[in-house]
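Working notes for the structure below.
Everything quoted here is computed from the prediction, not taken from an experiment. Atoms considered below: every heavy atom in the structure, side chains included; atoms not considered: hydrogens, waters and symmetry mates. Residue numbers start from 1 in every chain, and the chains themselves are labelled A, B, ... in the order their sequence lines are given, proteins ahead of strands.
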Amino acid sequence: MLVAVLPEGAGGLLRPLADDGTPADPERRVADLVEAVRRIEATDRPRWLWASTADVYPRLVRAGVRIERCYDLELAEALVLGAEGRWGQPRSLASASARLAGLPVPPDPPSRAALPPGEFQESLFELETASGSPAELVDVHAAQRTRVAGLAELPSAHSFPARAGSMRTLIAAESAGALVAAEMGLAGLPWRADVHDALLRELLGAPSPVGGPPARLVELNTRLNVALGRRVHPDSPAELLRAFARVGIVLRSTRRWELQHVDHPAVPILLEYKELYRLWVAHGWSWLEQWVTGGRFRAEYIPGGVVSGRWATRGGGALQIPKVVRKAVVADPGWTLVVADAGQLEPRVLAAVSADRRLARAAAEGDLYAALAAEAFEGDRAKAKLALLGAMYGQTGGDAAPALAALRRFYPTAWDLVEEAARTGETGGLVRTWLGRTCPPPSVTWRDGFDQPGEGVEADTRGGARGRARGRFTRNFVIQGTAAEWALVLLARLRAALSGMRAELVFFQHDEVVVHCPLDEAAEVARAVRAAGDEARRLLFGDTEVRFPLDVSVVERYSDAK
DNA sequence: TGATGAGGCGCC
DNA sequence: AAAGGGCGCCTCATCA
């Protein structure tokens, strides 16, 4: 059973539908949407059909209402458009409805995600009156079902064919992910501001009372001035290049890896400055003030925000929290953190999707690289890792060349899969993930101003640096995107397993998940994470012998994981 | 003055 | 150890 929901102030319109999406009961208006959903969820557990989870669900969660399943029409629209070769067309309910009716398609309204961070937070408290009608929801949903069923017949110049069944799975997983994202964003990551502050003082020294650089940075800057024989602003690359040139050192850039090869007393000082400077500007006191409230860091998660299907976040740099700062992530008293990290996820995904028999056998082991090394790289684990990463990221020459040759010889089926994805991209084609997420067309991934979709695109794409860049992108897309799908399914299964417990999902980062739970639930949560990983493997890859082992730690502090 | 791009670096 | 893929976000430099 489905129930279509259209919010309207504090109330809304509800329309029950049969499983096939056809209306089952007349539409009705409720004055209190939260209470209506609470009641219907308790008795019927329907799949809720709405235009956008991000617009509707947060207010339900804040009122203490959680739902089990939903169908996010806009996320689904984006996936189906991509599979149909119409990537990037407007996806809102209004746009999809207009497209269906053959009317001019309005652009998507600016999404919440486009708001400045502060306003984004506030917007979550607004009562949204969505545009559109329940009839439009019902019609667009029905049309999506038909379009999904037709996907199997689409011409397939892609890594994986578009299959109706897997697209349904993908839409369900994407929708479940949106529920997790909303809940996790509201729950927040436990964050001890006092611990963070102590850490900053230890590394950076005392903060400046007027907002300038802290003591340690001032000191390092002074020492740098001395070492270079003149005053410099270390945050200005141009100035640094000039200063180094003046002491006889010509640099192409001031990147760390380039500086590291330079023998000059200023270099270690500058490297230390850069590291601490970054900590100060990106995760210093102002970050703490802006993003941590009530003992929680509340990130804004955007499911499907990355073209590969990975999540994005906005504000607070939630996916880039430096390891050193993770000391401030501390469980509440009497609670603990269960941290689960999928090791070697992407090479395992390659083994599973390619069904390369030898690679799959290696991926049945706990340490895939070691197994590979024993078989094909004379026991050299580092070389095995280099080869596999090089094949997935598109490295061609350099030190990796011999390793790549060995990989190609021993694992030809896996090799062919990534090579085929790369060739497809180089010649202007599209690739898909295992469940059917389609990569954007070349016109979207080229960001140079003069690239226009249409004439000349294919010719420009073939050969040349740009074509090779596109090939590296599509080569990686099929692996990274499929890994994101495995993680998404794990997340959805884990969320289901945790319902009814006090445990809460509080963080998710590509292949790693953190659950905050009472101490006495930790063992069960750890079991649930492993079970969710197994279910994700089975759902995606059936009876593959590839394993997706999870490193699970039960810790008080995030920094103590692993 | 505000917008944009480049340089740089944190995470996976 | 770096370099291949994906991001967000900070700064400076430049341009309208």
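Side-chain atoms of A:R310 and base atoms of B:dC12 include a donor and an acceptor less than 3.5 Å apart.
One finds no side-chain N or O of A:S308 lying less than 4.0 angstrom from the OP1 or OP2 phosphate oxygen of C:dC7. Between A:K323 and the phosphate of B:dC11, there is no side-chain N or O to OP1/OP2 separation shorter than 4.0 Å. Phosphate contact (OP1/OP2 of B:dG8, side-chain N/O of A:T254, threshold under 4.0 Å): present. Residue A:R255 places at least one side-chain N or O under 4.0 Å from the OP1 or OP2 atom of B:dG8. Between C:dA2 and A:Q260, a contact under 4.0 Å exists linking OP1 or OP2 to a side-chain N or O. The phosphate of C:dG4 (OP1 or OP2) has no side-chain N or O of A:R468 nearer than 4.0 angstrom. OP1 and OP2 of C:dC7 both lie 4.0 Å or more from every side-chain N or O belonging to A:T313.
The backbone N or O of A:K327 sits less than 3.5 Å from a side-chain atom of A:R557, completing a donor-acceptor pair.
If you check C:dG4, C:dG8, B:dC12 against the side chain of A:E512, the one that comes closest is B:dC12.
Note on A:Q509: only backbone sugar-phosphate atoms sit closer than 4.0 angstrom, heavy atoms only; bases stay farther off.
Proximity of the aromatic rings of A:F541 and A:W486 is defined here by a centroid distance below 6.0 angstrom, and this criterion is not met.
The side-chain hydrogen bond (donor to acceptor under 3.5 Å, both in side chains) pairs that include a residue from residues 209-225 of chain A are A:R216-A:E219, A:R216-A:E272, where partners are two or more places apart or lie in different chains.
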